Amino acid sequence: MDNKDYISVYFDDEDPMLQALRRLKENNLTIIDVLTPFPVHGIDKLLSVKRTRIPVGGFIFGALGGILAFWFMTWVFTVSYPLIIGGKPFFALPSFVPITFEMTVLFAGLSMAAGMFLRSKLKPDIRFKPADERITDNMFVIVIGSNANTTRESIRTVLSGISIIEIR
Amino acid sequence: MSIFQSSLRKPLIEGKKSYQEITSQILDPLVNKPIKLWYFAITLSGGAMLFGLLMMGWTIWQGIGTWGENRTVGWAFEISTFVWWIGIGHAGTFISAILLLFRQRWRNSINRSAEAMTLFAVICAALFPFIHLGRPLLTFFIFPYPNTRLLWVNFNSPLVWDVFAIATYFTISLVFWYVGLIPDIATLRDKLRKGLKKTVYNFLSFSWKGSARDWHRHEVTSIMLAAIATPLVLSVHSIVSMDFADSILPGWHTTIFPPYFVAGAIYSGFAMVLTLLIIARKLMNLEDFITVEHVESMNKILIATGSIVALAYITETFMSWYSGIEYEQYMLQNRMTGPYAWAYWIMIICNVGSAQLLWIKKLRRSLLFTFFISIVINIGMWFERFVIIVTSLHRDFLPSSWTMYKPTIVEYGLLIGTLGIFFTAFLLFIRVFPVISISEEKSILKTENALQVAKEIHHG
Amino acid sequence: MKKYRKDILSEQVRPKDDLSPEPAYEFDPLPELIKDSATGLHSSRRDFLKLCGYSFALAALSSCRSKISKAIPYVIAPNEITPGDALYYSSSYVNGSDYCSIIVKTRDGRPIKIEGNPRSSMTRGGTNARVQASVLDLYDMERFKEPISNGVPVSWDEADGEITARLKKISYDHGSIVLLTPTVYSPSTEAVITDFIEKFPGTAWVRYDAVSYSAMLEANLISFGRQVIPRFHFDKADVIVSSGADFLGTWLSPVEFTKQFSSRRDPEGSMNYLIQYEAGLSVTGCTADKRIQIRPSQEYALLLNIYREVVKLTEGRESNAPSSPADVRDIAVKLTSSPGRSLVISGSNVKDIQLLVNEINRYLGNIGTTIDFSRYMRTHEAIDSGMADLVSRMNAGDVDALIFWNVNPAYTWYDRDAFTKGLKKVGIAISLSGSPDETSSLVQYICPDNHYLESWNDAEPEKDLFSLMQPVISPLFNTRQMADTLLKWSGSAISYYDFIRSYWAVNMLPRQKEYSDPVAFFDHSLQEGVFETVDKNVRPAALLTRPVSHVFDPSLLKTGDDREALFEVVLYEPVAIGEGRQANNPWLHELPDPVTRICWDNYASISGLQAKENSLTEGDLIDIGGLTFPVHIQPGQAYGTLSIALGYGRKVCGMAGNGVGSDAWPFLTMDNGNVSYTRTLGRIGKTGSGYLFAQTQGHHSMEGRALIRETGLNEFKVNPSAGNELHEHYTRHAKSLYKEREYPHHHWGMVIDLSKCTGCGACVIACQAENNVPVVGKEEVQRVHEMHWIRIDRYYSGDDMDPEVGFQPVLCQHCENAPCENVCPVGATNHSGEGLNQMIYNRCFGTRYCNNNCPYKVRRFNWFNYTGAGTLRGNLRDKAGMTGDLRRMVLNPDVTVRSQGVIEKCSFCIQRIQAAKLKAKTEKRALYPGEIRTACSQSCPANAIIFGDLNDKESEMNRLIRSGRNYNLLEELFTKPSVNYLTRIRNRT
Amino acid sequence: MDEQFIFSKQYRNILPILAAVSLVVFLLAVVLSGSGSARIWSNILLNNQFFLGISLGAAFFIAVHRVATSGWQTVIQRVPDAMTSFLPVAFILMLLIYFGMNDIYAWADSEVYEGLTGAKKIWLNIPFYFVRMVLYFAGWIFFIRMMKKNSESLTISSDLKYHNRRKIFAGLFLVFFGITVSASSWDWIMSLKPDWYSTIFGWYVLISMFVASLCFIILITWLLRRMGYLKVLRSDHVHDLAILLFAFSIFWAYQWFAQYLLIWYGHLPEETSYFIPRQHEFTLLFFLNLGINFIVPFFGLIRTSSKYNLNRVAAIAAMTLIGHWIDYWLLIMPETAGTKATIGLPEISMTLIYACGFIYIFFRTLSHGPLIVKNDPFLQESLNYES
């Protein structure tokens with residue numbers, strides 16, 4: 001326990017946790033991570049989490065999907081196997097729109113989900129052990145990088161006056 | 001921490017709960033053994049499902065001739081039911097996506113089950129394009145796969161668009177649903193003791209740990225998925241409507257169909273969500289999360305979409321009269337007074353009449369009435385599709401081909417069977433996954449508790 | 001012109017008698033394989049091909065006397081046969097009184113399609129539904145397969161031995177032998193029968209036609225001294241008055257008459273005028289310019305009035321007549337103003353009426369012009385009293401042996417009980433019929449005849465018009481031609497084939513000068529199919545033309561005016577089933593009646609007014625005269641009458657025909673020596689309701705839509721676009737949002753002349769035969785699952801009780817902007833570069849979307865496995881036995897048999913187009929104009945359907961398309977069909 | 001919080017002068033180009049419709065938010081409120097069409113009228129046309145007045161009954177509006193081509209007018225900010241306005257495409273006759289319409305950050321506003337002026353006249369009350385709004 005290089009501070013409400021977070025930042029302590037049971041509003045700014053570029057990826061892949069679909073349909077109808085269908089032109093542009101749209105959405109959606117899984121390293125793993133089983137229930141945990149100067153005691157001091165459940 | 005809300009707003013979580021209470025109240029029904037009513041329900045729905053599967057087998061073996069369809073009425077019961085299911089499958093994404101974008105808080109406790117419902121409804125719907133084929137074993141023809149003859153599909157056909165639209169819709173809905181489920185599965189995982197169940201949920205939880213960065217990505221991804229799902233939900237039923245509107249048949253070929261079908265889909269979808277939730281909140285003891293406020297809000301959507309549908313009826317009626325085209329005029333006259341007039345008037349009464357009753361506040365806050373009206377609307381919306389499909393087909397351009405359509409037991413069996421599949425899946429779902437999004441409920445808890453306090457003060 | 005080949009057997013089989021005294025086809029011609037299929041085992045098409053090979057190999061092996069029971073490949077491949085190429089043989093369709101000169105198409109040795117022979121001056125290339133369907137009868141598994149003695153199959157030798165012994169004994173004992181046949185108009189067969197009678201003295205030959213014209217024959221004997229039916233020239237008549245004669249549908253020689261009639265239905269030429277007086281609505285009544293409802297009991301009064309008016313107008317003489325059921329003054333004026341160019345006919349089998357008709361025609365000067373006794377008809381010669389005498393002789397025990405051929409009096413004779421009772425008193429009854437029927441089920445011996453496609457024969461349907469019949473396939477079963485049987489029994493050593501040849505050498509050869517060699521002459525005639533004597537020097541025997549003065553005889557006026565109590569039952573021959581000879585033919589059963597659009601059934605047609613009075617609705621069951629019939633409410637049915645079709649309710653004919661409909665023959669009576677086809681009966685009683693007809697058209701009004709556009713002749717003369725004003729309007733508005741496609745090479749199209757179409761249904765069956773269209777059976781038709789690629793829509797307009805009727809053949813319109821093509825997800829239907837709307841069955845997986853989007857509803861879906869072509873086992877739905885191994889032999893190998901779950905539709909006979917193009921290509925030439933004809937177009941006796949290339953601007957088709965009459969069906973939809981319609985012009989003058 | 005918009009003298013003077021100059025230009029342009037009265041009347045109809053649409057769209061904006069118990073828009077609510085005050089003027093302007101009926105409506109011609117089918121004869125005749133017009137305007141003006149009156153009451157009273165009342169009237173207005181906006185578009189625009197019909201038409205026009213209206217709200221918001229008003233406006237409000245513009249531009253494109261695709265696909269002459277002249281004679285405008293109204297807002301606003309940027313949103317709104325004017329032009333002009341229709345000086349100057357009038361009325365109304373309704377029960381929520 002003692003040779004861990006991090007310290008976890010437990011809260012049972014987001015308000016003291018946010019307060020603590022502010023306090024810890026003021027004290028320039030390294031915050032490795034914050035684990036919460038739900039997305040806490042305002043935490044991103046405090047942790048200066050950069051806005052993820054998943055949507056950008058989604059846009060690019062979506063565009064790719066759309067272009068691919070459109071190109072494919074055009075190729076099929078004008079080059080690969082042009083068929084006379086209902087007297088319509090081979091390059092039946094309006095007809096291509098629905099599928100182009102669907103493919104755009106499909107590619108965008110899948111790429112964004114994949115992006116999220118990859119960036120957050122979310123993968124099915126039966127050996128996974130959560131840090132604490134209460135985190136998904138009602139516990140808010142700030143994980144602080146520990147070193148010689150940063151000990152549990154020092155942190156308790158820093159966070160004095162804030163309702164803490166425990167420090168590990 | 002709470003977001004400022006006007007005091008006019010009503011709390012959406014009753015009873016000033018703590019986070020722990022939310023977790024346990026939502027998960028307890030999953031961890032405990034099901035109640036007798038659940039067993040009764042699943043036996044009933046399972047039976048219906050088996051009957052339906054039998055009828056599907058019979059259809060595939062014997063041919064579409066086992067149905068009442070004929071030379072003139074090439075589609076009838078099965079496509080009505082298909083469109084009906086697809087429509088029902090629209091509420092989930094509408095709730096999750098559009099209401100998320102429009103910041104309707106009340107969506108939180110219903111989106112999970114609505115999305116699940118979407119998936120099951122789409123599965124039920126997707127069965128029909130398969131079994132209604134003359135040669136169902138050749139379904140793969142519909143996909144543009146490379147083959148020796150370099151035959152591709154006809155990208156002009158709305159049925160091909162359908163395949164892409166429904167496949168995309170299902171995939172995106174599934175992803176969206178599952179992405180939302182991951183933190184809750186993690187909660188469930190952590191709630192369970194050791195055992196196979198825990199291992200399975202551990203596997204399904206994708207190693208979710210609740211880190212702030214993960215939450216950020218999760219939120220952004222969710223909202224972006226919602227953003228793309230919004231036009232998607234519009235497109236899917238629009239494309240389904242084009243199955244009809246792209247034809248040249250009077251009663252099918254009308255430009256209002258895409259938006260009108262979307263409104264109708266949301267209308268029927270919300271009705272089905274209401275039906276399910278009013279049952280589920282009793283079955284799963286979720287009265288605190290699915291409140292009368294939720295029901296009222298959804299009823300307002302019913303009024304809105306129901307009115308749009310009514311407006312579309314009015315528009316269609318006017319246009320077929322105004323157009324001066326004899327086929328159009330006859331089509332409408334035949335709907336209203338012809339041999340299927342009963343179906344038309346059921347549709348009008350169920351779809352136009354019923355939703356308008358919800359203008360009365362007392363009624364839209366009554367659970368019993370809502371339950372009743374939701375079933376009425378579902379019946380009405382099924383008849384809407386039936387009326388559109390059958391009455392347009394059975395008397396089209398050449399009177400020599402006019403004929404009548406009468407469904408057979410096999411077709412009823414397919415409708416009953418898909419209802420069985422749907423309810424069986426839903427009953428299993430509520431036993432396996434949290435019906436309400438735990439993390440989202442927690443994220444609005446503070447606000448709701450504050451409103452609860454305000455309400456209590458207000459009431460003295 | 002196509003060069004029609006001669007029969008192969010004519011050259012190859014001939015030398016056999018040098019080596020063998022027995023004809024080749026007395027080898028067991030039914031090898032194991034086919035026998036297997038008879039017992040239910042499967043034989044494949046391949047086996048059948050082997051079998052065909054075997055039958056050709058017979059020629060080479062004819063000296064070998066051992067029984068061959070194995071199929072072997074060709075030893076010497078016949079020169080004519082190129083696998084995959086069709087061969088065409090001229091022949092004749094003869095079935096009782098039905099006659100047609102035909103060309104038989106065979107593929108790999110099996111006949112698959114009948115076409116009309118354009119060289120016949122009588123039928124002129126026309127056919128009708130029965131002719132078209134006759135090829136299917138060949139492949140009827142339920143035909144007799146071998147001689148049967150008292151229910152036990154025996155060999156021909158045994159049968160011949162026993163029968164000749166019996167006959168000889170009877171003859172020796174001065175007993176009486178009776179040969180009962182329908183009218184025989186084959187000169188050679190007549191000669192054979194004469195020989196037979198010589199060999200067996202005391203033999204009487206009785207002729208009996210189930211649908212009898214004997215009153216006409218007898219009347220003609222009185223009026224003109226000739227007991228014959230003259231040849232009618234409808235093409236020479238400007239005014240035609242028909243009283244109950246459905247001459248475009250069934251009366252006497254409908255194909256011939258339709259050809260003649262339609263040649264005068266061109267509004268640009270001189271159009272004739274037809275007025276029809278009848279009770280039930282017939283095809284002729286539908287086509288008529290004016291139709292007036294009368295009850296059969298009023299016919300006499302009506303004709304008397306016409307007679308009176310005609311006499312008054314021609315001779316200024318008054319005569320007596322009862323009050324007329326209809327105002328006839330106008331028509332009398334019309335008739336008399338075209339002397340010699342009019343025609344009055346009656347379908348009645350009452351002698352007095354026919355006498356009256358003769359008188360009227362005589363006054364009108366029609367004898368010798370439109371009524372030609374020099375070339376009289378030979379197809380109907382039986383006199384009813386002959387049969388009546390026979391029945392009474394039988395009952396008196398006067399008949400010792402009775403030989404039937406092709407008659408079925410146990411079913412068709414008015415007093416069938418007397419007949420069957422009498423039959424029991426006959427010493428020996430022998431049937432020579434080819435297929436089972438009610439009569440042959442009562443006899444001791446069955447010596448089955450060949451099918452006509454397996455037979456040699458000749459025919460003389462009209463005086464001096466000869467026609468040859470040749471086999472196009474070896475007999476499928478162990479059957480023997482009737483004439484051969486008689487020859488054999490007469491002790492003759494030669495075969496009928498040789499008999500015919502020698503008969504022709506003796507009797508026909510001198511009638512022409514072109515050929516002196518009998519062989520060359522015969523071969524030439526065989527190739528032509530017909531031989532007409534053009535001997536102008538031979539004057540016809542002078543007509544007696546004895547005026548029979550007509551005095552109004554009130555006793556002849558039946559009491560039919562008591563509207564309250566009495567119904568007059570009118571029995572008629574339906575267009576498809578006729579008198580029921582082809583009752584085991586599923587094609588004919590499934591052909592909807594042109595007027596009622598009901599198939600697989602007969603019914604009592606009643607007028608709407610009377611149905612209401614008797615509180616009857618469609619499908620109620622009524623009891624009338626002890627028989628039960630479902631009620632069909634028929635617009636245009638005369639009040640007080642019930643029309644019921646004969647030919648239904650067969651009990652012994654096969655699985656397709658047994659028990660279809662109800663038997664109406666018992667209504668027949670004998671009246672004044674002739675069988676009466678009308679009967680006055682008392683009240684009708686309702687016994688049930690809810691009978692469901694297999695009706696292919698459920699709505700009968702055009703709902704004010706401009707589907708069949710029509711106008712009067714006078715209006716047309718003023719404005720060729722009369723009635724078709726919408727065409728110009730729609731054409732002006734039809735603009736495309738995108739560039740329209742062009743079809744520079746060929747662009748196939750069609751014109752259908754609605755003025756000519758009589759709705760007879762020949763095209764429907766021709767299409768069915770050509771394109772392997774499945775039969776689905778009554779139950780499936782009731783469920784609106786019928787499969788015909790071409791249908792004839794029939795609409796009523798005007799008064800419900802007295803409607804005008806329009807026919808409109810509707811087939812795939814091959815739209816340039818085809819709505820069906822757009823929506824097919826897999827592109828299974830698309831457009832060819834030649835403007836054809838193509839259907840690719842292999843690619844179709846059956847969404848039925850195309851059919852939903854087809855405004856013409858011409859696409860057909862295989863709801864079940866009707867053909868056995870599906871991949872799933874055990875789900876075949878073939879109520880009519882059409883997938884039996886033998887029945888399948890009728891399939892056209894050039895056309896895919898569609899499987900369960902695919903859409904099919906008219907292809908404009910793409911196989912014919914491709915074949916003709918290929919032929920032209922190998923011959924390095926362009927297609928001849930009109931070289932390609934679709935099956936429907938080719939079969940049409942009215943020439944109402946013209947197929948061709950829309951790019952060939954000079955063609956007749958394009959001339960018609962440019963005319964003011966041309967329009968497209970539903971042209972407001974801008975589908976740009978390749979099928980065009982010409983407005984119907986009614987001669988309302 | 002207690003901001004009061006002051007209609008400055010500068011604007012009060014400039015707008016009428018600009019309008020007068022435009023009028024002169026218009027008259028000169030019409031006379032010099034030799035255009036007939038048809039061109040004048042078409043321009044009047046076009047701008048009547050366009051500015052009426054902006055005004056009605058604002059009412060729709062208010063009513064929808066009201067019914068949805070939405071709170072965020074409270075800070076800018078006076079803008080759409082003031083936009084509806086053009087409605088009575090629009091009524092008078094529409095009544096003026098009476099004098100130009102023969103110039104713009106084909107069916108007003110007695111010969112064409114005789115050729116119409118029965119139903120159209122009943123619907124399309126001058127008396128009934130104006131009866132309906134009066135009916136539409138009466139209803140709109142009534143409901144909008146009632147909404148506004150109760151809203152204004154909240155500036156003095158904090159009684160919640162006013163809030164509840166305006167909500168009820170919003171609901172009633174939406175029902176009435178739903179039917180009449182479709183019907184009026186059939187009457188005023190669709191009947192320009194009496195042989196044509198499209199069921200989606202009313203909804204298409206509704207969305208077009210709503211997007212135009214949104215653009216106008218955004219532009220005014222931007223202007224007010226530049227003038228120093230609306231200090232409480234947060235970027236979150238801008239974001240929500242932008243997202244509405246973004247979403248409804250897509251929705252507009254969706255409706256446009258739905259109508260075009262179905263008509264292109266069905267290819268029935270009675271329907272394609274609408275698109276054939278537009279696509280073949282006015283190809284540039286036809287595609288420009290799609291480009292400006294769909295591509296510009298779509299790509300301009302797709303990034304989240306751009307939705308928070310008022311300047312950027314306003315720039316896109318300005319373009320889209322012009323785009324929807326073109327949309328209206330394409331709805332009307334090819335029918336009234338045929339293939340000769342153009343966008344020339346008469347069109348531009350006439351639009352300027354209308355714009356000046358519209359803005360004048362708008363500013364005048366806006367200056368009549370406080371800029372922010374301080375007793376609105378949702379005001380606090382709106383002030384604290386975070387998107």
Side-chain angles (χ1 to χ4, degrees), chain B residues 3-10 98 101-104 156 158 220 223-224 227 230-231 234-235 238 241-242 244-249 252-260 262-263 297 300-301 303-304 307-308 310-312 314-326 328-329 356 359, chain D residues 67-72 74 116-120 122-124 160 163 171 174-175 178-179 182-183 186 190 195-204 207 240 243 247 250-251 254-255 257-263 265-268 270-271 304 376-387:
Chain B
I3 294 164
F4 189 89
Q5 292 282 307
S6 167
S7 58
L8 285 184
R9 304 199 186 276
K10 305 264 173 16
I98 298 182
L101 290 177
F102 281 93
R103 327 228 176 271
Q104 299 289 321
N156 278 324
V220 170
I223 206 145
M224 290 317 292
T230 305
L234 240 68
S235 78
S238 299
S241 83
M242 285 168 191
F244 309 107
D246 273 344
S247 78
I248 56 169
L249 204 63
W252 282 20
H253 180 72
T254 171
T255 49
I256 208 170
F257 258 24
Y260 152 51
V262 172
S297 299
K300 283 180 182 169
I301 301 270
I303 301 174
S307 301
I308 295 175
L311 193 57
I314 293 170
T315 308
E316 275 201 299
T317 312
F318 174 79
M319 282 301 172
S320 48
W321 173 74
Y322 171 84
S323 70
I325 294 185
E326 53 189 324
E328 292 282 342
Q329 286 176 338
Q356 301 307 320
W359 286 97
Chain D
V67 167
T69 54
S70 172
W72 69 269
T74 313
L116 294 177
T117 54
K120 283 192 177 130
I122 298 169
W123 194 257
L124 300 179
L160 270 182
H163 169 70
L174 282 180
V175 172
I179 299 167
S182 290
W186 304 332
M190 200 170 84
D195 58 340
W196 185 75
Y197 68 96
S198 169
T199 42
I200 205 176
F201 194 78
W203 295 6
Y204 174 79
I207 298 302
D240 273 31
I243 223 168
I250 294 173
F251 194 66
Y254 158 78
Q255 298 232 33
F257 179 70
Q259 174 165 288
Y260 182 77
L261 173 71
L262 295 182
I263 288 176
Y265 204 106
H267 211 235
L268 300 171
E270 74 226 23
E271 295 185 338
T304 315
D376 195 301
F378 290 108
L379 182 61
Q380 284 306 313
E381 194 178 308
S382 180
L383 291 173
N384 290 300
Y385 181 65
E386 283 179 49
S387 65

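Everything numeric here is computed off the predicted structure, so don't read it as measured data. Throughout, a chain's letter reflects where its sequence line sits, starting with A, and its residues are numbered from 1.
With a 4.5 angstrom heavy-atom cutoff, Leu234(B) touches chain D via backbone and side-chain atoms both. Using a 4.5 Å cut-off between heavy atoms, Ile308(B) contacts chain D through both its backbone and its side chain. Contact annotation for Ala312(B): both backbone and side-chain heavy atoms come within less than 4.5 Å of a heavy atom of chain D. Heavy atoms of Tyr260(D) lying under 4.5 Å from chain B are absent altogether. For Val220(B), no part lies near chain D; criterion is any non-hydrogen pair under 4.5 Å. For Ile179(D), the parts lying under 4.5 angstrom from a heavy atom of chain B are both the backbone and the side chain. Within the 4.5 angstrom heavy-atom criterion, atoms from both the backbone and the side chain of Thr254(B) approach chain D. Interface residue Trp196(D): only backbone heavy atoms are found under 4.5 Å from chain B. Neither the backbone nor the side chain of Gln356(B) comes within less than 4.5 Å of any heavy atom of chain D. Looking at Tyr204(D), neither its backbone nor its side chain comes within 4.5 Å of chain B, counting heavy atoms on both sides. For His163(D), the part lying near chain B is the side chain, with the backbone staying farther off; criterion is any non-hydrogen pair under 4.5 Å. For Ser70(D), the part lying near chain B is the backbone, with the side chain staying farther off; criterion is any non-hydrogen pair under 4.5 Å. Proximity to chain B (any heavy atom under 4.5 Å) is shown, for Leu174(D), by neither the backbone nor the side chain.
No side-chain donor from either of Thr199(D) and Thr315(B) sits under 3.5 Å from a side-chain acceptor of the other. Side chain to side chain, Thr255(B) and Glu271(D) fail the donor-acceptor criterion of an N or O pair below 3.5 Å.
Here OG of Ser235(B) is found 9.0 Å from CE of Met242(B). Values are rounded to the nearest 0.5 Å. Between atom CZ of residue Phe257(D) and atom CG of residue Leu262(D) there is a gap of 8.5 Å, rounded to the nearest 0.5 Å.
The aromatic ring centroids of His253(B) and Phe244(B) lie 6.0 Å or more from each other. A distance of 6.0 Å or more separates the ring centres of Phe251(D) and Trp203(D).
Ring geometry, Phe318(B) versus Tyr322(B): the interplanar angle falls under 30°, so the pair is classed parallel (tilted spans 30 to 60°).
Between chain D and the residues Ile248(B), Leu311(B), Ile301(B), the most heavy-atom pairs under 4.5 angstrom are made by Leu311(B). Most heavy-atom pairs under 4.5 Å with chain D: of the set Ser241(B), Ser307(B), Ser238(B), this distinction falls to Ser238(B). In terms of heavy-atom pairs under 4.5 Å with chain D, the best-connected choice from Ala245(B), Pro259(B), Pro258(B), Ala227(B) is Pro259(B).
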Q: Given side chain to side chain contact (heavy atoms under 4.5 Å, CB included), test Leu116(D) with Trp123(D) step by step and report yes or no.
A: CA-CA 10 Å; Leu116(D) 294 177; Trp123(D) 194 257; over 6 Å; no
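Residues Trp186(D) and Leu124(D) have side chains not in contact (no heavy-atom distance under 4.5 Å, counting atoms from C-beta outward).
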